[in-house]
Each structure stands twice: as structure tokens, then as C-alpha cells.
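Right, one structure below, let's go through it.
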Amino acid sequence: MIDVESIRRDFPILGREVYGKPLVYLDNAATTQKPQCVIDSISDAYRNVNANVHRGIHFLSQEATDLMEAAREKVRQFINAGSTQEVVFTRGTTESINLLASSFAAAFLKEGDEVIISGMEHHSNIVPWQIQASRYGFVLKIIPVTDRGELDMEALGALLSAKTKLISITHVSNVLGTVNDISGIIAMAHSHGIPVAVDGAQSVPHIKVDVQALGADFYAFSGHKIYGPTGIGVLYGRRELLEKMPPYQGGGEMIRKVTFDGTTYNELPYKFEAGTPDYIGSIALAKALDYVDAIGMDAIADYEKSLCGYALERLESIPGMRIIGRSAHRSGVISFLVGNIHPSDMGTLLDRLGIAVRTGHHCAEPLMDRLGIPGTVRASFSFYNTRAEIETLAAGIERVSKMF
Ligand code: PLP
């Protein structure tokens, strides 16, 4: 059971007012707010243990290194990776997928090969593949999205061939809220010997993710979407694949030996972590993961499911309401349009009522084209949101609707 009132007291920003109204923060898919313990862990780390990691023999450097490596172990446990060597720290999901696309393509892709993504991907799981496709000549194939906002699994089956070298797909859509059948996709792909990369930006904060139970070959997520700081994220990769992939960037820390005749690279995961890493960010991310673990991912998933179900029901009672994305398997996000009201008008007017939602294409322009809409209004939820906030949202939408 979640004690939402007590949880809210952990997040100082939730006590803010905007335009003289209590803040109703429903933009959690873009970024989540931070509990005091995460905020404190950043200033504590700067105040007490700041020193560059991995390079120093002095006390502070070793302490900072230990804390960063403890953070890696925390991430490993959190997603149940087999080894900390499979946990690469990045700046976030975007960098994780860019690293993956760049290094995977260099190791495994050539002209005529195919990589499958889907029609509901965020730009960060489209554009990195397009960049590498133009370099290596492989072809991107797209799993179509049905009218309900689900992946067309039959079409996926038909896309698989001996040319397919990777499927890279989102676990949860940041627009539709659809939870894709990742286990089913991985089982299908693996039966053809094809690895699967998962964009977990919108899943890790909401549902328990076990990369080994899923069988994911790669899994990417962002710290800031799971109550951690900005600038830190994770790429999980199976060791056997990461070993074969060349470094993404060159510089300090990722090398074993450098000479002008050639360079050998460090072991995993450091091979992929060139330069001074955001060690303060990893320490604070671990604190955020401790925080959600203390609440419990199952309790979080149950609470958010019930909140989201309540919100769907309440919003559907509003005349002219059109919910975008009708999957029965959903999480965290509700996108909608009301009558002919432009999403940005709705968002701007809700903002004046203190309600923070996101409007626009949500970095998923191909999905907007598929749905034939310019954008949506998106409310996205966290375990710190309440039914009262849903009521405020619904009343706000009703008020805005009457103005048009
Ligand atoms: N993938 C999905 C599904 C997302 O929703 C987002 C961010 O909204 C990203 C990737 C990119 O995350 P970041 O900007 O933290 O790198």
C-alpha cells in the first residue's frame, strides 16, 4: 500500500504553487520530481567525497570510486543484470541508444542487413539508427501500429528474415501508454537468433524490470525519469555482445594502453565510459533506486495502475474527449484530444490553472503521422499523484472545453 500523502512530503517541489495555484504535476513521462534524499545525496557527495574517480590513489578518489561502483551494483540489482560489467553508465536513454547504434552497427551491420524498430518509437530510437544506416547501408524496417495503438505482431512476424540483425523497440510508449509484449517479441526474435534492444525510458520507473527474465540483449533507461538526477542513465548489454562491440568514444578511462602505434581498450564496462563520468549522478541515481525500492516496484505498479484507470474513466466522461491509444496493457501515460481544441491551447490554459501537462508530438512524429494528428495533450503519472489531482485535471479540461 502506498501512503501517498507521506510520499508527497518527500518531494519539496510538490508543495509549490504556480500562478497562485497548487502545482498539479502531470508531466512525469518527461521528467520526474526528486525526493529530498536524492537532492541531499548530490550536495552531500559534493561536500564530502568529491574527487575524480578511478584515477587517484588518494583517499577521496577511492571513496568516490567505491560509491560510483556501489551505484553500479545497485543498478545491476535493480534490473537484475548478471554482472556489473554489463551496466554502462551514460547520460541517459538517448546516449545509451546512440552508443548502441554506433557500436552495434560498427561490429555487426553491413549493407543489405535489416534493423527492425516500430512505428511508436521516440525519436531517440529512430534517428540514431537512421544515422548509422546512412553510414553502413543497412535498412530500417518498421513494425506498424494498429488503430488501438498496439504493435502489429503479425506484421512483425512477416518482417523477420535472415537479413534481420536486431530489433530495437520501446517497452512502453511515451505517447500511447501501451506496454508492449516485450517477452513475446524477444521469444519470437530469439527463435530466429536475432538480438533485441529495449528502450526502457518509460518502463523502468513504473514496472519491475528484470533484464534476464525478459531475455533482453540491451536495455536503456534514464535516471531523471526514475526520480534521479538529469545527466545520468544506463545501457545494459549482454557481455558477450558488448565484448564484440568497439568503443563509442575515445579518451581517458576507456583504454588499457595507449601508444602512437595503437591503443588497447579497457575491460567492460569502462571501454564504453570515456572521460570523467558523472559519478555524482550515479551516486544520486542509486539513492533514487533505493527510494523506489523502499516503496516497492509492485506497490508502485499497482497504485499507478489504479490511478491511471481512474483517470481514464474520469476523462472519458468529458464530452468530446478522444483518448489516443486504447491498449488494454498500459502504463503511466494518457494522451488525449478534446473536440477541435488544439493541444497547445489546451496545455496553455491548463497551465494557468496550475496543471502541468505536455503537448505536441512528444518526440514521436512518425506516430503522429500514422494517427493523422498534429499532437496530443499528455498527462503522465507517478506514485505521488492523487485522485484529487485527477479531479483537478478533469475539471480543468471541462473548464477549458467550455471556453471554446
Ligand atoms: N525513449 C522514450 C520512450 C522516451 O519517452 C524518452 C524521453 O521522453 C526517451 C527515449 C529519451 O530519454 P532522454 O531524453 O532522457 O534521453
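By convention here, the first residue in the shown sequence is residue 1. The analysis underlying the following values was restricted to heavy atoms, covering all of them including side chains, and did not include hydrogens, waters or symmetry mates. Numbering of ligands and ligand atoms starts at 1, following listing order.
Every heavy atom of Ala30 sits 4.0 Å or more from the atoms of ligand 1. Using a 4.0 angstrom heavy-atom cutoff, Asn125 does not count as in contact with ligand 1. Put simply, part of Lys225 is less than 4.0 Å from ligand 1, judged by heavy atoms. Taking a 4.0 Å cut-off on heavy atoms, His224 registers as neighbouring ligand 1.
Counting heavy-atom neighbours within 6.0 Å of Arg8 CZ, excluding the residue itself, gives a total above 12. Within 6.0 Å of CZ on Arg16 lie no more than 12 heavy atoms contributed by other residues, nucleotides or ligands. Atom CD of Glu313 is surrounded by 12 or fewer heavy atoms from other residues, nucleotides or ligands within 6.0 Å.
Nearest protein heavy-atom neighbour of atom 10 (C) of ligand 1: Ser124 OG, 3.0 Å. When hydrogens are left out, the protein atom nearest atom 4 (C) of ligand 1 is His122 CD2, 3.3 Å; that is the closest non-hydrogen contact. Distance from atom 5 (O) of ligand 1 to its nearest protein heavy atom, with residue and atom name: Gln202 NE2, 2.7 Å.
Annotation: ring-ring contact (aromatic ring centres under 6.0 Å, His included) contacts involving residues 340-367, sequence neighbours excluded, comprise His123-His361.
Among Ile167, Leu166, Thr164, the one residue that satisfies the side-chain contact (heavy atoms from CB on, under 4.5 Å) test with Pro195 is Leu166.
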Show the numbers, then the answer: is there a side chain to side chain donor-acceptor pair (under 3.5 Å) between Ser382 and Thr32?
-> CA-CA 8 Å; Ser382 156; Thr32 50; over 6 Å; no
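Closest heavy-atom approach to atom 2 (C) of ligand 1 among the candidates Asn174, Thr230, Asp199, Ile232: Asp199. For atom 13 (P) of ligand 1, the nearest non-hydrogen atom from the set Val172, Thr94, Asn98, Val333 comes from Thr94.
Contact detail for Gln249 and Ala274: the closest heavy-atom pair is O-CB, 3.5 Å.
Near Ala201, with a cut-off below 4.0 Å to any heavy atom, the atoms of ligand 1 are 1 (N), 2 (C), 4 (C), 6 (C), 9 (C), 10 (C). Those atoms of ligand 1 that come under 4.0 Å of a heavy atom in Thr170, given as number and element, are 3 (C). The ligand atoms of ligand 1 that sit less than 4.0 angstrom from a heavy atom of Ser222 are 12 (O), 13 (P), 15 (O), 16 (O).
Taking the centre of each ring, Phe138 and Phe108 stay at or above the 6.0 Å mark.
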